[in-house]
Amino acid sequence: MTEKWTKTASDVNDSILANLSNPHPMFYVAWAMSGLCVLLGIGCWVYQTTVGMGTAGMNSPVYWGVYITNFVFWVGIGHAGTLISAILFLFRAKWRNTVARAAEAMTIFAVITAGLFPLIHVGRLWLAPYWMAPLPNTNNLWVNFRSPLIWDIFAISTYLTVSLLFWYMGMVPDLASIRDRVKGFKRLVYGLLSFGWRGTAKQWHHYEAGYGFLAALATPLVLSVHSVVSWDFAMSLQPGWHTTIFPPYFVAGAILSGCSMVFTLLVPIRKMFRFEEFITVEHLDSCLKLTLLTSSIVAYAYGVEFFIAWYSGNEQEWALFKSRAIGPYCMYFWTMVFCNCVFPLLWWSKRIRRNIPISMVIAILVNVGMWFERYNIVLSSLVEDFVPGSWGHYEPSWIEMGITVGSFGWFFFWFFIFCKFFPIVSMSEIKLIMPKPLSRAEQK
Amino acid sequence: MSESGVLAVYKYLDEVTGVMGKIKGRADFAGFEVFSPTSYHEIEHAGDFGSSPVKWFTLVGGLTGTFAGFLLPLACDYDWPLVVGGKTAGLDSITAYVIIAFELTILFGAIATIAGMLIMGRIPNPKATIYDVRTTDDHFAIFVPGIDESSEQANLLKMGGACEIRTVGANG
């Protein structure tokens, strides 16, 4: 990709750090709205905790409902950040340099949001540590390390920790840049946050080596985390869940939802903070190409799932898949198919990829589709299992919907705080893809 | 960082790498430091720093994680063998523990890598002296300790294209 930069390396710090003092007024409106959604979610959660889990719509046979859907959805959203930071770093994809920081922040807040849902789901969250972590207890009983739920605890807490370290270390040189521009108390705070970074050649040397190793470690981690999440389902015997395609299918779906969320966030951010000359249409275009690729993989996985359900000759499996497509919950299935596989096909057209309003609508539809994909997986296999006598019905209660809205508010609330106080675009990395500052003699 | 010396500020990458090539290995420039706004590979090549020891931190951290990842479930099994669905505890279940070991390999490896980056980069450093704030923006600089502005070394820095030469010390 040949960049046509209208800015030089000297403009980077001034332009990008403008967000620290002077965002667009819409930023504050969006922040306040997300805060209101958080309050709604907290209110619903307090009501559920005080009145009881009966206020949520879950009952026999559906004990996993919207909360587990949200958990898988938010973990999936959290995939694009480390994918863009680590895997694209190893592939030396230059466009990642402008979007990686925002994507990493998205990962952190999405995984934190996801982590809330097992706690909300169990109801008495103050007892949760005893079954989620191998803690010594009075009965001398330990957790079952053969359970995918415990693998999930290890996978997600590792993912959150590594993503946090990767994100923060990437930000240290930029925090030092802020330290060198501000005065008084702010200088003290950013001085502490930047660890006294001086930008010496030796510091950069060790930093680059470490960053490469972190990327190499994070790459298999990205692929493992959603594989482990998929085993929460695939290790059971439920029809529709017990299938070996789940790990790659979940990973592709996670990257699809994550990339579409990156696009959904970047479009307003580049407008609010006037970053159009740094996060260019070409960078957004590359992000959409990746989204289109993963959409194709997901479409292929949907097809293979259906084919194998028929080809395996397993009656329960085939009955469930037919029920997904033409049964009482078919609306969710077709929403998922159209949003994740059909609408993204429009991105084969370069003209549509470069039309930001249309692409924004498609990206939001993909987010909706990916939520319904998880809802479809969780719900359809639970309402109709092997024994028709135990079949049931599930609709989310208003408490569950309120907490879901609250989770979106929670995610955006923290993301906006990040946007206000930290550099959203990596200043040190963007300088690397701009024309190098060479003297006239060298340029000739 | 309290030693005084001369700081030469440069605008261009090729100028600073040119000077680095001339002063590298010379005894009268011992202890010189180069400052850069980002990690230009040209500076890394001109500095000829060799391989970073951070890799050893990563390796040791990763192997410790692998060991800890197998030890934790096996030790818990030893303390209280939990038989679930007819599956016996201990080494019989070791395939399931590969996942715990994999995750802890990554976790410990990443934490050790960060520790390596911090230790080798001499940070956190609350007493860090920032000689020129432009070096975290768009300028480069070379600091040579123990010389003054009228010295031959300072002249070489100037001839290399420095846009500014000044004496800096404990107070920057």
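A quick note: this is a predicted structure, and the numbers were derived from the prediction, not measured. Proteins get letters first, then strands, A, B, ... in listed order; numbering begins at 1 in each.
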Between [atom1] of [X] and [atom2] of [Y], what distance do you get to the nearest 0.5 Å?
| X | Y | atom1 | atom2 | result |
| --- | --- | --- | --- | --- |
| A/Phe213 | B/Leu59 | CZ | CG | 9.0 Å |
| B/Phe108 | A/Leu217 | CZ | CG | 13.0 Å |
| B/Glu103 | A/Asp152 | CD | CG | 9.0 Å |
| A/Arg146 | B/Thr88 | CZ | OG1 | 7.5 Å |

In terms of heavy-atom pairs under 4.5 Å with chain A, which of [options] leads?
| options | value |
| --- | --- |
| B/Val84, B/Ile99, B/Val16, B/Leu104 | B/Ile99 |
| B/Pro126, B/Ser93, B/Gly109 | B/Ser93 |
| B/Thr135, B/Thr95, B/Ile100 | B/Ile100 |

With a 4.5 angstrom heavy-atom cut-off, is it the side chain or the backbone of [X] that approaches chain A, or both, or neither?
| X | answer |
| --- | --- |
| B/Phe49 | both |
| B/His139 | neither |
| B/Phe57 | neither |
| B/Lys87 | both |

With no hydrogens and no angle check, is any side-chain donor or acceptor of [X] less than 3.5 Å from a backbone partner on [Y]?
| X | Y | result |
| --- | --- | --- |
| A/Ser177 | B/Thr136 | yes |
| B/Asp137 | A/Arg181 | no |
| B/Asp14 | A/Ser439 | yes |
| B/Ser52 | A/His206 | no |
| A/Arg198 | B/Phe35 | no |

In chain order, what residues pass the side-chain contact (heavy atoms from CB on, under 4.5 Å) check against B/Ser36, with sequence neighbours excluded?
-> A/Trp204, B/Tyr40, B/Ile43, B/Phe140

Tell me, for A/Trp231 versus chain B, whether the close heavy atoms (under 4.5 Å) come from the side chain, the backbone, both or neither.
-> side chain

Structural part of A/Val12 lying under 4.5 Å from a heavy atom of chain B = neither

With B/Glu149 via side-chain hydrogen bond (donor to acceptor under 3.5 Å, both in side chains) - residues at least two apart = B/Thr167

Counting heavy-atom pairs under 4.5 Å with chain B, which one of [options] comes out on top?
| options | answer |
| --- | --- |
| A/Gly191, A/Pro148, A/Pro134, A/Pro220 | A/Pro220 |
| A/Thr161, A/Asn144, A/Val225 | A/Asn144 |
| A/Leu214, A/Val162, A/Leu221, A/Val172 | A/Leu214 |

Under 6.0 Å from the CZ atom of A/Phe386, do we count more than 12 heavy atoms belonging to anything else shown?
-> yes

Proximal to chain A - members of residues 111-118 of chain B, heavy-atom separation under 4.5 Å = B/Ile111, B/Thr113, B/Ile114, B/Met117, B/Leu118

Taking a cut-off of under 4.5 angstrom between non-hydrogen atoms, the residues of residues 71-83 of chain B near chain A are B/Leu72, B/Pro73, B/Cys76, B/Asp79, B/Trp80, B/Leu82, B/Val83

Just wondering, do A/Tyr207 and B/Ser39 contact through their side chains at under 4.5 Å, heavy atoms?
-> no

Decide yes or no for B/Ile130 and A/Arg179: does some side-chain heavy atom of the first lie under 4.5 Å from some side-chain heavy atom of the second?
-> yes

